[in-house]
Amino acid sequence: MNPKKLKQLKKRVKKQAGAPYIQQLMKYRDLFKDDPQILVLINNVLESDRLLAAGLAPQQLPVLEIPDDFQDHLFERINQQYAMGDPAGDAAWNQLSAALPKVDQLLRNFRDYIEDQYGMWAYISAPFLKDLADFTGSDPVDFLVDLFVFKWIGRPFTQLLQILFPVSHICFSRLVVWRR
């Protein structure tokens, strides 16, 4: 079998195997509702997905990794909440510590999700687009990009009152911006 077709087939099977990405994150958001470090990361991902689904430029994201010392904080919080030897505390610890690797994997796979869901190969945030618009000023701008990139840069850029002229050429592989 063609390696490219095999890779596509594996991706399709991988997508069908589990619950949808956003539903899993919502489940873990409810599970970690008392832990602001994790809650902030999950809420940032969910908000970015909401903005992308609405066709808007998403916000800048923090590093989507669970902090190394989070398990220590989790242990302290559970010890403060439950008495030593309490089975409810042990059950809470087991449930949350077992979920940590899954949440970490989901957060790290956000880029794969936006690639599969929206066809974005790069995360282009609103602050980056604002800086790019400030750099170009109010002059009309030529963008030499492929059409997928133009979809995610063009609309937010025109919302910043910029005039864009998309130019596509197959031999260019990076974004080139110049003033007329």
Side-chain angles (χ1 to χ4, degrees), residues 7-8 11-12 14-67 70 99-100 102-180:
K7 186 177 179 182
Q8 290 174 348
K11 270 189 177 181
R12 225 179 299 147
K14 184 178 173 184
K15 280 188 212 176
Q16 295 171 355
Y21 181 82
I22 296 300
Q23 289 178 356
Q24 290 180 33
L25 279 177
M26 288 178 162
K27 180 184 91 171
Y28 288 120
R29 180 179 61 179
D30 295 338
L31 184 63
F32 287 98
K33 67 181 179 288
D34 297 327
D35 300 304
Q37 288 178 312
I38 304 293
L39 200 58
V40 165
L41 295 173
I42 293 174
N43 284 337
N44 272 308
V45 168
L46 293 173
E47 179 64 13
S48 292
D49 180 62
R50 185 191 68 77
L51 291 169
L52 287 170
L56 302 171
Q59 80 275 8
Q60 187 71 29
L61 287 175
V63 176
L64 295 177
E65 294 178 358
I66 295 177
F70 178 74
L100 275 178
K102 296 173 188 167
V103 172
D104 193 42
Q105 181 185 12
L106 284 172
L107 291 171
R108 291 172 188 252
N109 288 342
F110 181 62
R111 184 174 177 171
D112 294 336
Y113 168 75
I114 63 172
E115 181 182 331
D116 292 341
Q117 186 70 21
Y118 301 107
M120 289 181 72
W121 293 288
Y123 187 82
I124 301 168
S125 65
F128 172 77
L129 290 173
K130 175 77 171 99
D131 290 344
L132 194 58
D134 291 344
F135 171 74
T136 60
S138 60
D139 299 331
V141 175
D142 289 333
F143 271 94
L144 186 56
V145 296
D146 71 18
L147 296 176
F148 289 115
V149 174
F150 184 74
K151 174 183 174 188
W152 295 107
I153 291 179
R155 183 173 181 200
F157 225 72
T158 54
Q159 290 171 347
L160 295 170
L161 303 175
Q162 297 289 314
I163 300 169
L164 297 178
F165 298 100
V167 181
S168 184
H169 193 280
I170 198 162
C171 67
F172 289 94
S173 61
R174 68 178 196 275
L175 173 67
V176 179
V177 179
W178 65 90
R179 296 180 183 182
R180 283 190 171 228

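Quick note: residue numbers are just sequence positions, from 1.
Atoms CZ and CD1, on R29 and I22 in that order, are 10.0 Å from each other to the nearest 0.5 Å. From F32, atom CZ reaches atom CG of L41 across 11.0 Å, with rounding to the nearest 0.5 Å. Atoms CD and CD1, from Q37 and I42 in turn, are 12.0 Å apart once rounded to the nearest 0.5 Å. The CG atom of N109 sits 9.5 Å away from the CG atom of D104 when rounded to the nearest 0.5 Å. Here the straight-line distance linking atom CG of L46 with atom CG of L51 works out to 11.0 Å at 0.5 Å rounding. To the nearest 0.5 Å, atoms CG (L31) and CD1 (I38) are separated by 10.5 Å.
Using a 4.5 Å cut-off on side-chain heavy atoms (C-beta onward), S48 and Q59 make contact. Annotation: side chain of Y113 is not in contact with side chain of V45 (no heavy-atom distance under 4.5 Å).
The shortest non-hydrogen separation linking P58 to P127 is O-CD, 4.3 Å. For the residue pair Q24 and L106, the shortest heavy atom distance occurs at OE1-CD2, 3.2 Å. Closest approach of I114 to L52, counting heavy atoms only: CG2-CD1, 3.8 Å.
At a cut-off of 3.5 Å, with distance as the only test, no side-chain donor of Y21 or D49 sits close to an acceptor on the other residue.
Counting only distance, with no hydrogens or angles, the side chain of N44 and the backbone of L61 share no donor-acceptor pair below 3.5 Å.
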